[in-house]
Amino acid sequence: MEDLEEEPRSQGSRGHRRSVSRGSYQLQAQMNRVAQEERAPGSVVPTPLAEASRAMAGDTTLSENYAFAGMYHIFDQHVDQAVPKVQFANDDKHLLACCSLDGTISVCQLVPTPPTVLQTLRGHIGPVSDFAWSLSNDIIVSTSLDGSMRIWNTQDGRCIRQIPDPDSAQMLCCTFQPINNNLTVVGNSKHNIHVVNISTGKKVKGGSSKLTGRVLSLSFDSAGRILWAGDDRGSIFSFLFDMATGKLTKAKRLVVSEGSAITSLSARSWISREARDPSLLVNACINKLLLYRVTDNEGTLQLKRTFQIQQTSHAIGSIFCPLMSFRQGACVVTGSEDMCVYFFDVERATKAIVNKLQGHSAAVLGVSFNCDESLLASSDAKGMVIIWRREQK
């Protein structure tokens, strides 16, 4: 990866140097390894999610864990227009949202049965490209090709604020700063990312930067100190985020494949007892899902492995499984242009496909697990949203 830091490293007075110690990512990976190596083989991984994960996993294999009993429900309120993203609310089993190129966002509830659409968020006059839940799930931020982002109250469906793009460009993606939900990062069609204060509607001073192409995907690390951004020309940039000011400092650039769009980025601090390094999961239009190791505190990426899928033109998304830290092995889930949902074991050297779900009639664009992995949602290019129920062991 190229080093893009514009100022001498000796200037340690910058905010990001105070907030991120050098080598913190190596230290985190090393601590993860030590914690594992001191334990007997097969013992419980010491993470807050270990008990929940253990209860779910039991003595079953990874393939058995990701066996699905079939479709729980199908939402068709957006039929005929693509649903680029579907996402369960944070730490919630039954609250789900999906955005559509029809200009609306649906907030759905899966329990009690039958599942219902609680709110339809209307106001955008162009296709909705992306959205994000706030940590407390009371707010959704959305971006649209109409050149605006909107802040929504998820309880009553009201639009609290409309914020025009600072460059008067199409807005293509958004993500909350994970520690400070008052700040949102947005990417647009004029190659720019901006940190926006959603309380004031203003962009943050020093919180803007330019990429090499249209900004299609964004992801923070869990600490909110590193931001990765992907564009439609095949580049992933890393930025250091100053927690005190919201300022972005461009750090690294990786060219995945010249001219191939980076459609999805998903960061994880560690995956499983075998994969203890911070990781970034990447969809690019090269018929592969890519898993990178994060090697330092500037977001440098090192390719760990790839998985074969079909993706040449659609904005396909992928996720890490939320409870993967306990089991032997670990899974990622992705959509694909062959109308299937794929589960891959990131540690299996050969035959990495753990499961394949078939039922869509168009390219699968978005995937999302609920917090206990009992339900998986997937959306496609024809507007169908399928909720899959995992088999209970």
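Keep in mind that this is a model prediction, so the values were computed, not measured. For reference, positions follow the sequence shown, starting with 1. Atom set for the values below is all heavy atoms of this structure, side chains included, hydrogens, waters and symmetry mates excluded.
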Can you see whether [X] engages [Y] through a side-chain donor-acceptor pair at a distance of less than 3.5 angstrom?
| X | Y | value |
| --- | --- | --- |
| D92 | N370 | no |
| T263 | Q311 | yes |
| H194 | D167 | yes |
| T212 | D231 | yes |
| Q77 | S106 | yes |

Requested in this report: Describe, in one word, how the ring planes of Y342 and F344 are oriented to each other, choosing from parallel (under 30°), tilted (30 to 60°) and perpendicular (over 60°).
Outcome: parallel
Query raised in the report: Going by the angle between their ring planes, with limits at 30° and 60°, are F68 and F343 parallel, tilted or perpendicular?
Result: tilted
Query - Ion pair D156/R158, N-O distance below 4.0 Å - result: yes
**Report entry** Worked check of side chain to side chain contact (heavy atoms under 4.5 Å, CB included) between V333 and Y66
**Finding:** CA-CA 10 Å; V333 185; Y66 290 110; 5.9 Å; no
Requested in this report: Could you check M71 against W388 for side chain to side chain contact (heavy atoms under 4.5 Å, CB included), going step by step and ending with a plain yes or no?
Outcome: CA-CA 5 Å; M71 297 179 190; W388 309 85; 3.9 Å; yes
Requested in this report: Would you sort out whether F241 and F220 count as a ring-ring contact (aromatic ring centres under 6.0 Å, His included), showing the intermediate values?
Outcome: CA-CA 9 Å; F241 186 90; F220 272 102; 5.5 Å; yes
Query - Separation between CG of L375 and OG of S368, rounded to the nearest 0.5 Å - result: 10.5 Å
Requested in this report: Would you check, one step at a time, whether the test side chain to side chain contact (heavy atoms under 4.5 Å, CB included) holds for L95 with V107?
Outcome: CA-CA 7 Å; L95 192 61; V107 180; 3.9 Å; yes
Looking at [Y], is its backbone amide N or carbonyl O close enough to the side chain of [X] to form a donor-acceptor pair, meaning the two atoms are under 3.5 Å apart?
| X | Y | answer |
| --- | --- | --- |
| S266 | L281 | no |
| S219 | W228 | no |
| R225 | M243 | no |
| S238 | I236 | no |
| E258 | G234 | no |
| R122 | G157 | no |

If Ile, Leu, Val, Met, Phe, Trp and Tyr residues are connected whenever their side-chain heavy atoms lie under 4.5 Å apart, and connections chain through other members, are [X] and [Y] in the same group?
| X | Y | value |
| --- | --- | --- |
| I198 | F131 | no |
| L183 | F239 | yes |
| I353 | F307 | yes |
| I140 | V128 | yes |

**Report entry** Working for salt bridge (charged side-chain N to carboxylate O under 4.0 Å, His left out), residues E347 and K304
**Finding:** CA-CA 10 Å; E347 294 303 313; K304 181 177 179 181; 3.0 Å; yes
Is the number of heavy atoms from other residues, nucleotides or ligands under 6.0 Å of [X] [atom1] greater than 12?
| X | atom1 | value |
| --- | --- | --- |
| N287 | CG | yes |
| K202 | NZ | no |
| I125 | CD1 | no |

Report summary line: Tested for side-chain hydrogen bond (donor to acceptor under 3.5 Å, both in side chains) against S142, the lone hit among R150, H124, K85 is H124
Report task. Take L301 and V256 through the test side chain to side chain contact (heavy atoms under 4.5 Å, CB included) and record every step on the way to the result. Result -> CA-CA 10 Å; L301 301 175; V256 175; over 6 Å; no
Query raised in the report: salt bridge (charged side-chain N to carboxylate O under 4.0 Å, His left out) between D242 and K247: does it pass, once the steps are laid out?
Result: CA-CA 5 Å; D242 188 316; K247 180 185 175 185; over 6 Å; no
